[in-house]
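Before any comments, here is the structure.
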Amino acid sequence: MRRPHVYERSVPRIRRGACTAPEGDPVRAARSVLRALQAVIATADAAGLAGLVDLLDAAWIEAERIEAGTPPVGT
C-alpha cells in the first residue's frame with residue numbers, strides 16, 4: 001500500500017461531490033457591511049476620492065440587494 005502524500009493526509013475527508021453549506025448568515029453579514037460602508041463612504045467622499053466612492057456605492061447597492069433577499073441581476 002502506498003503512503004499518502006502529505007497534502008492528502010492533511011485534507012479533511014469528505015464525500016466526493018458533497019456540497020457544504022456556507023457558514024454564517026448572508027443577511028446579517030450584509031447588514032454589518034452596510035453599517036461599515038456608511039462611514040467609509042463618508043470618509044472617502046470627504047477626501048475627494050470620487051473613484052473610490054463610486055466603487056463603494058456599488059458595494060452598498062449589492063449589500064442592500066443581499067439584505068433584501070433579491071437575486072442578482074444576471075440570473
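Worth knowing before you read on, the calculation uses all heavy atoms, side chains too, and leaves out hydrogens, waters and symmetry mates. Nothing here was measured: the structure is a model prediction, and the numbers come from that model.
I41 and L49 end up in the same hydrophobic cluster when Ile, Leu, Val, Met, Phe, Trp and Tyr side chains are linked at under 4.5 Å. The hydrophobic clustering, which links ILVMFWY residues whose side-chain heavy atoms are closer than 4.5 Å, places L37 and I66 apart.
When the shell of 6.0 Å around CD of E62 is examined, it contains more than 12 heavy atoms from other residues, nucleotides or ligands.
Considering R31, R28, R35 in turn, R31 is the only one that fulfils the salt bridge (charged side-chain N to carboxylate O under 4.0 Å, His left out) rule with E67.
Within the model, atoms CD1 of I61 and CZ of R65 stand 11.5 Å from one another, a figure rounded to the nearest 0.5 Å.
The minimum heavy-atom distance linking A63 with A30 is given by the pair O-CB, 3.5 Å.
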